[in-house]
There are 2 protein chains.
Amino acid sequence: MAVRIVIAEDQTMVRQALVALLELEPDLEVVAQAATGDEALAMTRKHQPDVAVLDIEMPGRSGIQVASQLHSSGFGGAIVIVTTFDRPGYLRAAMAAGARGFLLKDAPAADLAAAIRRVAAGERVVDPALAAAALAEGDSPLTDRESEVLTAAASHDSIADIAARLHLSPGTVRNHLSAAIQKLGARNRAEAVQMAQQKGWL
Amino acid sequence: MAVRIVIAEDQTMVRQALVALLELEPDLEVVAQAATGDEALAMTRKHQPDVAVLDIEMPGRSGIQVASQLHSSGFGGAIVIVTTFDRPGYLRAAMAAGARGFLLKDAPAADLAAAIRRVAAGERVVDPALAAAALAEGDSPLTDRESEVLTAAASHDSIADIAARLHLSPGTVRNHLSAAIQKLGARNRAEAVQMAQQKGWL
DNA sequence: CCCCGGCCGTGACAGATGTCACGGCCGGGG
DNA sequence: CCCCGGCCGTGACATCTGTCACGGCCGGGG
């Protein structure tokens with residue numbers, strides 16, 4: 001009995017190449033493909049596969065958001081998150097969203113098929129080095145408001161704009177921003193944004 | 001007689017998947033793979049393939065730099081650039097570097113094999129929509145110095161740091177930066193950096 | 001109950017940033 | 001030859017940023 005798979009990845013060439021790779025395995029069967037988060041959600045609900053393979057970076061809904069919604073709506077299959085970026089925060093978010101596997105696109109292609117088989121069998125699959133990095137990093141030191149303000153700052157707006165968008169006083173925004181910069185050890189707003197994103201805290 | 005190919009792409013899983021895809025075609029033969037720009041250069045020089053397929057975003061040397069060096073050192077084969085990002089400036093740079101084909105990873109996987117065959121036959125392969133966008137955009141309005149200063153500004157340093165790195169006076173750096181911000185219609189240094197990168201002018 | 005921490009705001013300050021006007025040095029083109 | 005434009009620099013100015021000190025409002029925990 002073949003493992004039934006839905007695969008979501010926005011870059012057509014990459015998606016089709018991965019499908020070609022998986023189709024070479026006689027015990028794996030790709031039953032549907034998706035190019036966006038919304039499609040991934042629809043396809044997974046429609047086909048109820050044994051394993052959903054989700055890229056994180058997709059237009060619309062991210063793979064992590066899709067995983068979270070599938071998980072909380074009682075999806076019975078396993079979820080494998082695949083991503084380009086080696087950000088420990090992603091691992092944490094993926095696990096919180098109910099994923100059972102987490103792979104980097106830097107890994108050998110054979111690992112994907114292996115991971116699919118293992119999660120289908122009920123195991124968890126996580127690169128040990130990544131898991132260690134995620135643990136070593138700890139949680140975000142930022143409060144909710146600070147994260148929110150920093151996120152808003154990511155679009156290169158002035159403090160006044162951010163304040164207007166969040167319905168806050170400019171002074172408050174500056175204070176939150178200053179706190180975030182301090183906590184992250186950055187020297188700029190821009191650097192703070194970049195560091196927080198890099199750690200997956202945004 | 002099969003078309004001999006060297007393929008360079010930093011993400012192992014994607015690279016191996018693409019190779020698997022190409023190996024399904026009886027008239028194509030992947031003779032070597034590379035995960036970095038330097039490897040790509042070495043492998044291409046060693047194997048002298050009919051076609052070199054180069055990703056742009058790679059550690060070390062970018063695919064465009066590799067193409068440029070191959071081209072100016074008299075490489076006899078054809079070069080196809082493949083990239084994730086839809087930046088018209090990339091197309092311009094790729095063409096200037098001597099590429100004969102330019103593909104986005106958003107394109108169908110079948111296009112890759114088709115493009116390889118066509119460039120091997122001496123044709124040029126460029127997505128018409130992308131070519132139009134590149135033409136519509138025009139050249140960079142920035143002078144050499146402005147581009148250089150803006151590039152240095154991308155790492156979130158202060159003006160003083162940039163001035164030190166480029167051996168310039170802080171006032172001059174501010175002037176160049178100000179000019180760049182004006183020309184690009186940005187409201188920040190950060191926004192200017194982002195816009196220039198987005199257009200491929202950096 | 002009181003204290004603590006998150007959150008919101010104000011006021012003040014130093015320093016960084018962006019803009020402008022101005023001048024000098026060069027090399028190329030009319 | 002002179003003019004123009006790129007490049008480098010200075011000085012001055014208004015504004016924006018980042019930091020600090022301070023106070024008030026709340027909700028949860030000891």
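Letters go in sequence order (proteins before strands), and every chain restarts at 1. All figures in this text were calculated on a predicted structure; none of them were measured in a lab.
- Note: CD (B:Glu146) to C1' (D:dG6) measures 9 Å, nearest angstrom.
- With contacts defined as side-chain heavy-atom distances shorter than 4.5 Å, the pair A:Ile116/A:Leu22 qualifies.
- Toward the 5′ end of DNA chain D lies the nearest nucleotide of B:Lys183, the other residue of the pair B:Lys183 and A:Ala190 mapping further downstream.
- Between the base of D:dT10 and the side chain of B:Asn175 there is a donor-acceptor pair shorter than 3.5 Å.
- The side chain of A:Arg189 sits closest to D:dT17 out of C:dG9, D:dC7, D:dT17.
- Listed candidates were C:dC20, C:dG18, D:dC8. Nearest to the side chain of B:Ser178 is C:dG18.
- Side-chain contact of B:Ser147 with B:Asp144: a donor-acceptor pair under 3.5 Å is absent, judged by distance alone.
- Side-chain contact of A:Asn175 with A:Ser178: a donor-acceptor pair under 3.5 Å is absent, judged by distance alone.
- Rounded to whole Å, the distance from CD1 on A:Ile159 to P on C:dG9 is 14 Å.
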Give me the distances for all protein-to-nucleotides 13-15 of chain C N/O pairs that come in under 3.5 Å?
none

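- A:Arg124 places a side-chain heavy atom less than 4.5 Å from the side chain of A:Met95.
- Counting heavy atoms from C-beta on, the side chains of A:Thr143 and A:Lys183 come closer than 4.5 Å.
- Taking only side-chain atoms of B:Thr143, from C-beta outward, the nucleotide of D:dC8, D:dT19, D:dG6 with the closest atom is D:dG6.
- Closest contact between the side chain of B:Asp144 and the listed nucleotides C:dC20, D:dC7, C:dG9 involves D:dC7.
- Comparing D:dT19, C:dG18, C:dC8 by their closest approach to the side chain of B:Ile181 singles out C:dG18.
- For the pair B:Leu142 CG and D:dG5 C1', the computed distance is 16 Å after rounding to whole Å.
- Of the possible polar contacts, none joining the B:His71 side chain to the B:Ala67 backbone as a donor-acceptor pair under 3.5 Å is found.
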Pairing string, 5' to 3', for DNA chain D - Watson-Crick or wobble contacts under 3.5 Å, brackets [ ] where pairs cross, | to another strand: ||||||||||||||||||||||||||||||
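- Listed by chain and residue number, B:Arg61 satisfy the side chain to side chain donor-acceptor pair (under 3.5 Å) test with B:Gln69 (two or more places apart in sequence, or in another chain).
- Side-chain proximity of A:Ser169 to the nucleotides D:dC8, D:dT10, C:dG9 is greatest for C:dG9.
- Rounded to whole Å, atom C1' of D:dG18 lies 14 Å from atom CG of A:Leu150.
- In the set C:dC20, C:dC7, D:dT17, D:dT17 carries the atom at the smallest distance from any side-chain atom of A:Ser158.
- The closest side-chain heavy-atom distance from B:Asp55 to B:Lys105 is below 4.5 Å.
- Between A:Arg117 and A:Leu28, the closest side-chain pair of non-hydrogen atoms falls below 4.5 Å.
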